[in-house]
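Just follow the structure's listing: the first ligand is 1, and inside any ligand the first atom is 1.
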Amino acid sequence: MPAKEVRSDVLPRIHCITHFGSYDDEAIAVLEAVVRQGVDAVQVRAKSLSDRQIVAFTRILVDRLAGTSVRIIVNDRVDLALAAGADGVHLGRDDVPVAAARRLAPLGFLVGGTCRNADQAREAKAQGADYVGVGPVYPTTTKSGLPNPIGLETLRDAARVLPAIAISGINAERVPEVMAAGAYGVAVASAICRSPQPAIAARGLVDAIALA
Ligand SMILES: Cc1ncc(COP(=O)(O)OP(=O)(O)O)c(N)n1
Ligand SMILES: Cc1ncsc1CCOP(=O)(O)O
Ligand SMILES: [Mg+2]
């Protein structure tokens with residue numbers, strides 16, 4: 001695996017969260033296509049895969065997207081992210097704390113944390129998070145067991161603390177209102193990965209962010 005040649009120092013705004021039936025060549029091709037449209041982060045979230053499979057899939061992605069400025073972020077597990085040569089980790093409320101991941105991470109490695117409100121964002125900031133994933137902003141069918149949507153005012157409060165990536169139910173039509181509420185960017189699973197035309201969907205999100 002070659003070292004990644006281009007590593008942007010700009011915090012990514014459009015996180016494509018993987019959401020595929022299988023993590024194979026076709027999934028890699030979809031992610032390459034969406035990155036060509038300007039998606040600047042891919043988060044590997046693959047709950048059905050073993051640790052070994054997550055590392056293998058992520059390594060392929062890192063390799064195939066070397067030479068682009070996209071950041072590859074692994075969901076949940078800083079150890080797997082580091083093992084795969086990823087650029088960052090996104091940590092949930094029950095994962096290793098942000099501060100612990102920060103202690104393991106090399107300089108420039110992105111650490112994000114899930115937050116439901118501004119208090120949690122302040123805690124993430126104190127622990128050294130680069131960004132917070134704030135949601136659920138809208139209902140979603142991608143993940144079950146989430147609390148009720150937090151709404152745009154709670155997003156606004158959290159976004160005052162750290163760059164906020166709005167998540168849950170986000171699509172291009174909703175980008176203007178989440179950005180108007182102070183979001184720094186968006187995290188999107190189904191609107192890209194379950195679209196019949198993922199590259200076109202990605203382009204719509206990129207354009208919406210550029211206009212917001
Ligand atoms: C950018 C971003 N924000 C929030 C989440 C949700 O993460 P988490 O709470 O760990 O839940 P799972 O994704 O693990 O189900 C995210 N993945 N990305
Ligand atoms: C992982 C996660 N956490 C809250 S919503 C969500 C998935 C978002 O998926 P979608 O963009 O399809 O609503
Ligand atoms: Mg997680």
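The part of Asp76 lying near ligand 1 is the side chain, judged by heavy-atom distances below 4.0 Å. The part of Leu146 lying near ligand 2 is the side chain, judged by heavy-atom distances below 4.0 Å. Neither the backbone nor the side chain of Pro136 has any atom closer than 4.0 Å to an atom of ligand 2 (non-hydrogen atoms only).
Under the 3.5 Å distance criterion, the side-chain polar atoms of Arg203 are matched with a main-chain donor or acceptor of Gln37. At least one donor-acceptor pair under 3.5 Å links the side chain of Asp130 to the backbone N or O of Val111. A distance-only check finds no donor-acceptor pair linking the side chain of Glu177 to the backbone of Arg174 [under 3.5 Å]. Listed for the Asp40 side chain is a donor-acceptor partner under 3.5 Å among the backbone atoms of Arg13.
Among all heavy-atom pairs drawn from Val96 and Ala101, the shortest one is CG1-N, 3.9 Å.
For atom 3 (N) of ligand 1, the candidate residues are Ala164, Ser144, Gly133; the nearest heavy-atom contact is made by Gly133. The heavy atom nearest to atom 6 (C) of ligand 2, out of those in Val186, Thr142, Ile167, is found in Ile167. Between the choices Asp95, Val89, Val134, Thr114, the shortest heavy-atom distance to atom 6 (C) of ligand 1 belongs to Thr114.
As for Asp76, its N/O/S atom nearest the Mg ion (ligand 3) is the one called OD1.
Considering backbone and side-chain atoms alike, His15 places every N or O at 3.5 Å or more from each N or O of ligand 1. The shortest N or O to N or O distance between Lys47 and ligand 1 is under 3.5 Å. For Tyr131, no nitrogen or oxygen atom sits less than 3.5 Å from a nitrogen or oxygen atom of ligand 1, counting backbone and side chain alike.
Look at Arg194 and you'll find every heavy atom at least 4.0 Å from all atoms of ligand 2.
Rounding to the nearest 0.5 Å places OH of Tyr138 at 10.0 Å from OG of Ser168.
Using a 4.5 Å cut-off on side-chain heavy atoms (C-beta onward), Thr18 and Leu31 make contact.
At least one N/O/S atom of Asn75, whether from backbone or side chain, sits less than 2.8 Å from the Mg ion (ligand 3).
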